[in-house]
Amino acid sequence: QVQLVESGGGLVQAGGSLRLSCAASGSIFSIDAMGWYRQAPGKQRELVVSISSGSSTNYADSVKGRFTISRDNAKNTVYLQMKSLKPDDTAIYYCNVRGYSDSGRARFNSWGQGTQVTVSS
């Protein structure tokens, strides 16, 4: 079983910055993709950005140039640096990590508990 612990959300004024972290732990054999999703009130969860094991990234158009994803493979941790935040970025942010556990015998697809990001105008 693989657990994810997120941190770093909070309240910030428009134009400000926040950094989210998500650490994976448990029976991890290898990690493929890591990513961040968000869900605003009344809306569906959407992909913000993902990063592959080879560090290829896929950003939502709405965050390109403002958000940066990075990963520390030694720590099984993924980060999301958010700059120039807008009120429309207000949402619960969830990290997602996929890979293999149990010495490579099983796939896992784990979600963090979510962290609230609120951007005031």
Side-chain angles (χ1 to χ4, degrees):
Q1 192 172 4
V2 176
Q3 299 82 33
L4 305 183
V5 177
E6 300 179 24
S7 61
L11 173 64
V12 65
Q13 290 187 332
S17 300
L18 282 174
R19 188 188 192 216
L20 306 183
S21 300
C22 173
S25 63
S27 181
I28 298 171
F29 178 74
S30 64
I31 292 178
D32 301 330
M34 309 178 87
W36 292 93
Y37 290 71
R38 66 186 181 186
Q39 187 167 18
K43 295 187 177 180
Q44 290 189 335
R45 188 175 298 189
E46 64 176 3
L47 174 69
V48 176
V49 58
S50 64
I51 183 168
S52 71
S53 57
S55 296
S56 295
T57 57
N58 179 31
Y59 287 90
D61 288 342
S62 60
V63 306
K64 284 180 180 177
R66 300 187 299 120
F67 291 11
T68 303
I69 191 171
S70 60
R71 58 190 285 174
D72 185 333
N73 293 327
K75 296 181 179 180
N76 292 332
T77 299
V78 61
Y79 305 96
L80 181 64
Q81 178 67 53
M82 304 183 291
K83 298 180 179 179
S84 302
L85 282 160
K86 305 175 182 179
D88 283 349
D89 295 317
T90 296
I92 299 175
Y93 284 69
Y94 299 90
C95 68
N96 174 252
V97 177
R98 289 174 283 165
Y100 286 90
S101 61
D102 294 333
S103 302
R105 290 190 293 267
R107 289 281 297 174
F108 72 87
N109 181 9
S110 295
W111 290 88
Q113 78 279 11
T115 186
Q116 178 70 48
V117 171
T118 303
V119 184
S120 63
S121 58

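Numbering starts at 1 and runs along the sequence shown.
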**Report entry** Spacing of Ile69 atom CD1 and Gln81 atom CD [to the nearest 0.5 Å]
**Finding:** 12.0 Å
Report task. Kindly compute the distance separating CG (Leu18) from NZ (Lys83), expressed to the nearest 0.5 Å. Result -> 12.5 Å
Query raised in the report: Can you pull the ring pair (Phe, Tyr, Trp, His ring centres under 6.0 Å) pairs that have at least one residue in residues 102-121, sequence neighbours excluded?
Result: Tyr37-Trp111
Query raised in the report: Which pairs, with at least one residue in residues 7-23 and sequence neighbours excluded, count as a side-chain hydrogen bond (donor to acceptor under 3.5 Å, both in side chains)?
Result: none
Query raised in the report: Out of curiosity, Thr115 OG1 to Ile92 CD1, how far, rounded to the nearest 0.5 Å?
Result: 9.0 Å
**Report entry** Heavy-atom pair of closest approach, residues Gly112 and Leu4
**Finding:** N-CD1, 3.5 Å
Report summary line: Taken to the nearest 0.5 Å, the spacing of Ile28 CD1 from Asn76 CG works out to 4.0 Å
Query - Where at least one partner belongs to residues 47-121, residue pairs that pass disulfide (SG to SG under 2.5 Å), sequence neighbours excluded - result: Cys22-Cys95
Query raised in the report: Taking only residues two or more places apart in sequence, or in another chain, which ones meet Glu46 in a side-chain contact (heavy atoms from CB on, under 4.5 Å)?
Result: Arg38
Query raised in the report: Linking I/L/V/M/F/W/Y whenever any side-chain heavy atoms sit under 4.5 Å apart, do Phe29 and Met34 land together?
Result: no
Query raised in the report: Can you name the residues that form a side-chain contact (heavy atoms from CB on, under 4.5 Å) with Gln3, not counting sequence neighbours?
Result: Gln1, Ser25
Query raised in the report: For residues 59-105, which residue pairs qualify under ring pair (Phe, Tyr, Trp, His ring centres under 6.0 Å), counting only residues two or more places apart or in two chains?
Result: none
Query raised in the report: Listed by chain and number, what are the salt bridge (charged side-chain N to carboxylate O under 4.0 Å, His left out) partners of Arg107, not counting sequence neighbours?
Result: Asp32
Query raised in the report: Looking at Asp61 and Lys64, does any basic side-chain N land under 4.0 Å from a carboxylate oxygen?
Result: yes
Report summary line: Of all heavy-atom pairs linking Ser121 and Pro87, the shortest is CB-CG, 3.8 Å
Report task. Over all heavy atoms of both residues, which pair between Ser27 and Ser101 is shortest? Give the atoms and the distance, please. Result -> O-CB, 2.7 Å
**Report entry** side-chain contact (heavy atoms from CB on, under 4.5 Å) partners of Ser84, counting only residues at least two apart
**Finding:** Arg66
Report summary line: Residue set satisfying side-chain contact (heavy atoms from CB on, under 4.5 Å) with Thr118, at least two apart, ordered chain then number -> Leu11, Thr90, Gln116
Requested in this report: Could you tell me which residues satisfy salt bridge (charged side-chain N to carboxylate O under 4.0 Å, His left out) with Lys43, sequence neighbours excluded, listed by chain and number?
Outcome: none
Query raised in the report: Can you check whether Ser110's main-chain N or O pairs, donor with acceptor, with Asn96's side chain at less than 3.5 Å?
Result: yes
Query - Step-by-step side-chain contact (heavy atoms from CB on, under 4.5 Å) determination, Met82 to Val117 - result: CA-CA 10 Å; Met82 304 183 291; Val117 171; 3.9 Å; yes
For residues 47-58, run the donor-acceptor check on the side chains, cut-off 3.5 Å, and write out each pair with its distance to 0.1 Å, sequence neighbours left out.
from  : atom 1 : to    : atom 2 : distance (Å)
Ser52 : OG     : Gly54 : N      : 3.2
Ser52 : OG     : Ser55 : N      : 3.3
Ser52 : OG     : Ser56 : N      : 3.0

Report task. Check salt bridge (charged side-chain N to carboxylate O under 4.0 Å, His left out) between Asp72 and all other residues, then give those that pass, not counting sequence neighbours. Result -> none
